[in-house]
Amino acid sequence: MHPYRTHNCGELRAEKVGTTVRLSGWVHSKRDHGGLLFLDLRDHYGLTQVVVAGDAPFFNAVEAVRVESVVTVTGPVVARSEDTVNAALATGEVEVRIETFDLESPALTLPLQVAGGQEAGESVRLSYRFLDLRREKMQRNLRLRADVIAMIRRRMTEQGFLEIQTPILTASSPEGARDFLVPSRLHPGRFYALPQAPQQFKQLLMTSGFDRYFQIAPCFRDEDARADRSPGEFYQLDVELAFATQEDVFHAVEPLLRDVFAEFGSRPVADGPFPQIAWRDAMLRYGTDKPDLRNPLEIADVTAAFELEGVTFRAFRSQIEKGAVVRAIPAPNAAARPRSFFDGLNRWARDEGAAGLGYVIFDEEGGKGPIAKFLTPEAVSAIRDAVGIGPGDAVFFVCDQPAPAAAFAGTARTKLGEELGLIDDSVFRFCWTVDFPMYEREAETGKILFSHNPFSMPQGGLEALETATDPEDILAWQYDIVCNGVELSSGAIRNHRPDIMVRAFAIAGYSLDELETQFPALLQAFRYGAPPHGGIAPGIDRIVMLLADEPNIREVIPFPLNQQAEDLLMGAPGPVSDEQLREVHLRTVLPSA
RNA sequence: GGGGGUGUAGCUCAGCUUGGUUAGAGCGCUGGCUUGUCACGCCAGAGGUCGCGGGUUCAAGUCCCGUCACUCCCGCCA
């Protein structure tokens, strides 16, 4: 007989009754009846009830064992009597009457409870992550993560993509997030950087002729954490295709994502191809570049209604004269809501830093509410038509410069969707946001900046760059994929033409020299025959987080850093010896207290 | 860097609004009892720098100031 087990703790069924088995696992719980004692023995696969008779020579040893100790037991599988079957347990029709008991590894008193639903605070959980990961939810989440990655690997490989590893020690790049740096021992004063993404390497692989590449790639960015953003490192499904259009990229990943969510998600994926929404439309209708399409509300621009003859609402008109716009968010069936509903939203808007949230309530006769008296019947009907509502509904207004107005209207749309109970939680709704602008103007300085990836191909190519009257009008072959308002990924058709690249960077104020020194590899590579190519890189952690229905990304990462980017279990970041510092030619200069 | 929330037993939390006897509960832990439980049950017990420092007060877990930690958000994330 195997020294530890003949079966795992989740597989015994009635047909094994009469056989003698050996099980090993953790003592999940213990129920001591004095003359009879039950143990639930747990491993990754499940729970099995083990019975110890009162006359067993090892009875006292079992009584003394603490939960979460590891034990090995041997004995016959016995059918439970009808009234003692536990239907909640997969192994609940049987139990093991044990004849041997070995304590393999005793457990101290626990700093957090593994059995039972009680969840400890995060610092305790992360300090004792090895215990926390024993909990059923964490076992399930990490198994889900493994299953998702396995399916992705299989499907990508089947589609002819080659999985290729790229370096972890690479060069710092001036664009993007803050780098993690690694000092060089052999080259005093020089540093490696951990890659923020394998972006340049995958483009080099395209240039090398690998045609279709993917990788479950670790990415390192020294940026502050959020609930959906793990500090330090995260994983992407990094994908790149040669000779590809935007639609080719979509065809490579849309069916995969649909199937991953359909197979592993607790909810269905909405039918039909993922809608493609132009960035400008998304900003207007949803107030964000990552619209949550489970929320049916759509924002409309109603600036013109407030400029109509006879409309005397000065608070908006004076702002409109200074370039502001008015955005309207519908609130279907809100007319019957009490005054406190509207006051509460107004207070919420102020807490969010907005001037307020004006509103008009519509009934059969027209508009009502604090600002209705400043509106003409023509303005009221213009608003009603623009927003597409009628009697019994209400509409909320945001007035500000276009960008902040869009953003706050988006926040208000989400808030209203929640308050009115309109968000459909029973489905995954994907969309593509497409046609991102290539450039944007910095508000304070008026300077033209790349709005996203500087290596994206401008739509219209060189000609568009040379003929555009305003760089802000130039669109890029740049896209995001969004699920339920969560941005899963950005991607782009890349700019593989050195001449277009030089021109694109010139518009953003980079000289050829700067381009050559800051991005030497790509520019050099593209001078030796580069295929048109493009790709995308969906975030694995976020996908699993959505599938697991977890509000926090750390719930699907085995050993995450905490919000201060510390590993409380391993003690990272930690001090190193003077000798280690000398070897890499470093001396620390700590901030003065 | 900024804003919000939280910090009380090993763990999860109540008590703080309105200061006042010995700071409580559940789980866990220790001892005892218990032969069909599966959140087993019953009895007893141990366990507290109320995050830390200062202040107000006859009296502070409770009020004030500072500080630290954790967390959520803003900034940041080509």
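Naming: A, B, ... by sequence-line order, numbering from 1 per chain.
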Could you check whether [X] gets within reach of a base, just the sugar-phosphate, or nothing at all, counting any heavy atom under 4.0 Å?
X	answer
A:Glu566	sugar-phosphate
A:Arg66	sugar-phosphate
A:Asp83	nothing
A:Gly121	sugar-phosphate
A:Glu63	base
A:Asp222	nothing
A:Gln196	nothing
A:Gln113	base
A:Arg97	base

What I want to find out is whether [X] reaches [Y] closely enough, with some N-O distance under 4.0 Å, to be called a salt bridge.
X	Y	value
A:Arg280	A:Asp435	no
A:Arg497	A:Asp499	yes
A:Glu122	A:Arg129	no
A:Asp480	A:Lys290	no

Within the structure, does a side-chain N or O atom of [X] lie under 4.0 Å from either OP1 or OP2 of [N]?
X	N	result
A:Arg31	B:U37	no
A:Asn562	B:C70	yes
A:Gln118	B:G26	no
A:Asn86	B:G36	no
A:Gln49	B:G36	no

Distance-only donor-acceptor test (3.5 Å): side chain A:Arg125, base B:C11: no
Once rounded to the nearest 0.5 Å, what's the spacing between atom OG1 of A:Thr411 and atom CG of A:Leu357? 10.5 Å
If you measure from CZ on A:Arg80 to CG on A:Leu89, what distance do you get to the nearest 0.5 Å? 6.5 Å
Rounded distance in Å - [atom1] ([X]) to [atom2] ([N]):
X	N	atom1	atom2	result
A:Glu68	B:C29	CD	C1'	15 Å
A:Leu112	B:C13	CG	P	13 Å
A:Asp480	B:C77	CG	P	15 Å
A:Asp179	B:C77	CG	C1'	12 Å
A:Arg80	B:C38	CZ	C1'	7 Å
A:Gln564	B:C68	CD	P	12 Å
A:Phe59	B:G36	CZ	C1'	13 Å
A:Lys30	B:U37	NZ	P	19 Å

Where each residue is assigned the nucleotide of RNA chain B containing its nearest heavy atom, which of A:Ala120 and A:Arg178 is assigned the position nearer the 5′ end? A:Ala120
Interface with RNA chain B, restricted to residues 225-234 of chain A and to heavy atoms under 4.0 Å: A:Arg226, A:Ala227, A:Arg229
Mind checking who [N] pairs with, Watson-Crick or G-U wobble, both distances under 3.5 Å?
N	answer
B:U62	none
B:A39	none
B:A69	B:U6

Candidates B:G1, B:G10, B:C38 - which lies nearest the side chain of A:Asp224: B:G1
Ring centroid separation for A:Trp26 and A:Phe130, is it under 6.0 angstrom? no
Report the relative orientation of the aromatic rings in A:Trp279 and A:Phe436; use parallel for angles under 30°, tilted for 30 to 60°, perpendicular for over 60°. tilted
Full working for side-chain contact (heavy atoms from CB on, under 4.5 Å) between A:Asp55 and A:Phe59: CA-CA 7 Å; A:Asp55 55 1; A:Phe59 189 86; over 6 Å; no
Same-atom distance (P) from B:G61 to B:A9, integer angstrom: 14 Å
